[in-house]
Amino acid sequence: MNKKVFVKTYGCQMNVYDSQRMTDVLAPLGYLETDTAEAADLVILNTCHIREKAVEKVYSELGKLRDMKAAKAEQGRDMILAVAGCVGQAEGEQITKRMKAVDLVFGPQTYHRLPELLEQRRSKGRAVVETEFSVDDKFAGLGREQVRNPLSRAVTAFLTIQEGCDKFCTFCVVPYTRGAEFSRPQAQVLDEARKLADQGVRELTLLGQNVNAYRGVAVTGAPSSLGKLVAELSLISGIERIRYMTSHPRDMTDDLIEAHGSNPKLMPFLHLPVQSGSDRVLKAMNRGHTANDYLKLIARIRAAQPAIALSGDFIVGFPGETDAEFEASLDLIREVKYASAFSFKYSPRPGTPAAENKNQIPEDAKSGRLARLQAVLAEQTKTFNQACVGLTLPVLVEKPGRRAGQMIGRSPYLQSVHLEIGTDHLGQIVQTQILAVGSNSLSGQYRPTEKGDASV
Ligand code: SAH
Ligand code: SF4
Ligand code: F3S
């Protein structure tokens, strides 16, 4: 009989990718995906450790699942409870000690061994914790033959090409939870991309914590680059759009910048976090560049691709941040003009250098700064979206909308666009005239062209 697995995903897109691959490795064991914990025989929390009370949230969720597991046991039903992801990696045995109902704990580097871990759990009769950074290649162990389209017949897909981080920004937990930088070999990435294209995927988002630091080996045996990989991927028939995230300013190489100008499949959208506009704060964060370096880089990127839309990440209230240093972030934002951005209050992460700093900024000061910064960013997003009204943009039709006869797609700038169009256009790129800006999306009207809609 088939068993059911429910994976609850927190955190970044790499976790979304990992969750999909977990269900892939479990499929041969007879596990089907379900969307509630109640219906599941195996519940996996794929956790994130990046900010705020990540660990406490996991324990509170585990508390509820422990009660559910007990209730199911009374009805004679088994439920295996697993903690995966970055909290699993960071907390390890602490979790099974504090929460006896947990059967399995593993990290982002070990989930390809899930079938074996489940078997160990069964044969040992006690909790199994597996958080070693394994030396074997996780991706090679994922049984790529089974790559199913994760989002069931999705038009877009995530593809992790690089993992881990060697940069050690002083605020960040990722180098500890995801380990050292590792790039998948180019041939392996191309193989997975071809399979996705065959399944109907039209847009790939290449993922990595430092995706532009990609150095996977090419078939020649020499290290490749993200620019070269994008060039190869754009030759795959069916793949019409390529995106990547998240990039670090220090790894924005010339060939990648050049690709933005010359490769029409590489979308004119770039998420390039800077975190702060103050040189003193950037140094204390160990970002390895100044505000001016970033601005010069943006100028080069815009010279290569004038249409590019920029996105960023910002942290307010990093330890010791003065009012003037915070103002420097606002200045930088005003200068760059972002199409969209994410911003966060600094959150001390256990074990990271900035968490030890004595000059922590009070919570209310952080909240005040965040509100001001977000107001400026929201205004910029509005301006950017409004400037699209009247333009005809190529929209990739991704899924049905809420209303009958409505579909939702994305513009090259990652804006979500609602349009009235038949479901037969799913997976096509259609010329759409933007008519209005809503709170989180645009609406537009399909404008058929003589040359048809197959490509941009
Ligand atoms: N690798 C990416 C970022 C990964 S984490 C990069 O280097 O740009 C995603 C975002 O979370 C970061 O860009 C940062 O803005 C935010 N972040 C990370 N650690 C944080 C912390 N301790 N407190 C608040 N925000 C944090
Ligand atoms: Fe974290 Fe910095 Fe690495 Fe990004 S570059 S994952 S912020 S340590
Ligand atoms: Fe979170 Fe881990 Fe991603 S900490 S942001 S899930 S790399």
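Because only heavy atoms are used, hydrogens play no part in the values below, and waters and symmetry mates are left out as well, while side chains stay in. For ligands, and for the atoms within them, numbers begin at 1 and follow the listed sequence.
Residue contact check: Y346 has heavy atoms under 4.0 Å from atoms 23 (N), 24 (C) of ligand 1. Listed by atom number, the atoms of ligand 1 under 4.0 Å from K345 heavy atoms are 23 (N), 24 (C). Of all atoms in ligand 1, numbered sequentially from 1 with element shown, those under 4.0 Å from a heavy atom of P273 are 8 (O). Annotation for ligand 1: atoms under 4.0 Å from non-hydrogen atoms of T246 are 2 (C), 8 (O). Of all atoms in ligand 2, numbered sequentially from 1 with element shown, those under 4.0 Å from a heavy atom of F171 are 7 (S). Heavy-atom proximity to R349, at under 4.0 Å, picks out these atoms of ligand 1: 22 (N). Within ligand 2, the atoms closer than 4.0 Å to a non-hydrogen atom of V174 are 6 (S), numbered from 1 in the order shown. Atoms of ligand 2 found under 4.0 Å from any heavy atom of K167, numbered from 1 in the order shown, are 5 (S). Those atoms of ligand 2 that come under 4.0 Å of a heavy atom in H248, given as number and element, are 5 (S). The distance from ligand 3 to the heavy atoms of Q209 drops below 4.0 Å at these ligand atoms: 3 (Fe), 7 (S).
The closest approach between any non-hydrogen atom of I315 and ligand 1 is below 4.0 Å. Residue contacts with ligand 2: M285 is excluded, as none of its non-hydrogen atoms falls under 4.0 Å.
The line from CG of L118 to CZ of R113 is 12.0 Å long, rounded to the nearest 0.5 Å.
Close N/O approach between Q275 and ligand 1 is found [any backbone or side-chain N/O within under 3.5 Å]. Among the atoms of F171, some N or O lies under 3.5 angstrom from an N or O of ligand 1. Between R287 and ligand 1, at least one pair of N/O atoms sits closer than 3.5 Å.
Under a cut-off of 6.0 angstrom, the local environment of CD in E93 is sparse, with at most 12 non-hydrogen atoms contributed by other residues, nucleotides or ligands. For F342, the CZ atom sits in a loose shell: 12 or fewer heavy atoms of surrounding residues, nucleotides or ligands are nearer than 6.0 Å.
The protein heavy atom nearest to atom 11 (O) of ligand 1 is R51 NH1, 2.6 Å. Remark: minimum distance from atom 4 (Fe) of ligand 2 to any protein heavy atom is reached at R287 NH1, 4.3 Å. Summary of contacts: the protein heavy atom closest to atom 3 (Fe) of ligand 3 is C12 SG, 2.3 Å. Residue, atom and distance of the protein heavy atom nearest to atom 22 (N) of ligand 1 are S347 O, 2.8 Å. Regarding atom 4 (C) of ligand 1, its nearest protein heavy-atom neighbour is Q209 OE1, 3.1 Å. Nearest protein heavy-atom neighbour of atom 1 (Fe) of ligand 3: C48 SG, 2.4 Å. Looking only at protein heavy atoms, the nearest one to atom 5 (S) of ligand 1 is I50 CD1, 3.7 Å. Distance from atom 9 (C) of ligand 1 to its nearest protein heavy atom, with residue and atom name: D313 OD2, 3.7 Å. When only non-hydrogen protein atoms are considered, atom 4 (S) of ligand 3 lies nearest to H49 N, 3.2 Å. Scanning all protein heavy atoms for the shortest distance to atom 6 (S) of ligand 3 gives N15 ND2, 3.2 Å. From the protein, the heavy atom lying nearest to atom 8 (S) of ligand 2 is C169 N, 3.3 Å.
Checked by atom type, the side-chain pair H49/T177 shows no donor-acceptor distance below 3.5 Å. Side-chain polar atoms of N15 and T9 form no donor-acceptor pair below 3.5 angstrom. S183 and Q162 share no side-chain donor-acceptor pair at under 3.5 Å. Side-chain contact, D364 with S367: no donor N or O sits under 3.5 Å from an acceptor N or O. One side chain, Q188 or R184, offers a donor N or O that lies under 3.5 Å from an acceptor on the other. Side-chain contact check for T253 and D255: at least one donor-acceptor pair (N or O, by modelled atom type) lies under 3.5 Å.
Side-chain contact check for T156 versus L396: some heavy-atom pair is nearer than 4.5 Å.
Relative ring orientation between H260 and Y244 is described as tilted, the plane-to-plane angle lying within the 30° to 60° band.
The part of R178 lying near ligand 3 is the side chain, judged by heavy-atom distances below 4.0 Å. The proximity of T246 to ligand 2, defined as any non-hydrogen pair under 4.0 Å, does not occur for either the backbone or the side chain. Only the backbone of F168 comes within 4.0 Å of ligand 2, judged by heavy-atom distances.
What you find for G88 and T47 is that their closest heavy atoms are N-OG1, 3.5 Å. Across every non-hydrogen atom of S343 and L373, the tightest pair is CB-CD2, 3.3 Å. Listed here is the closest heavy atom pair of N385 and Q415: OD1-NE2, 2.9 Å.
When the heavy atoms of C172, C165, C12, P175 are ranked by distance to atom 1 (Fe) of ligand 2, first place goes to C172.
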>> Would N46 and S19 count as a side chain to side chain donor-acceptor pair (under 3.5 Å) here? Give the steps.
In response: CA-CA 7 Å; N46 195 9; S19 292; 2.9 Å; yes

>> Walk me through whether R241 and L204 qualify under side-chain contact (heavy atoms from CB on, under 4.5 Å).
In response: CA-CA 6 Å; R241 290 181 161 189; L204 290 176; over 6 Å; no

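Within the coordination shell of atom 2 (Fe) of ligand 3, defined by N, O or S atoms under 2.8 Å, C86 is present.
Look at D24 and R21 and you find a salt bridge, because one of the NZ, NE, NH1 or NH2 atoms lies within 4.0 Å of a carboxylate O, short of that distance.
Of the candidates K69, K124, R126, D103 forms a salt bridge (charged side-chain N to carboxylate O under 4.0 Å, His left out) with just one, namely K69.
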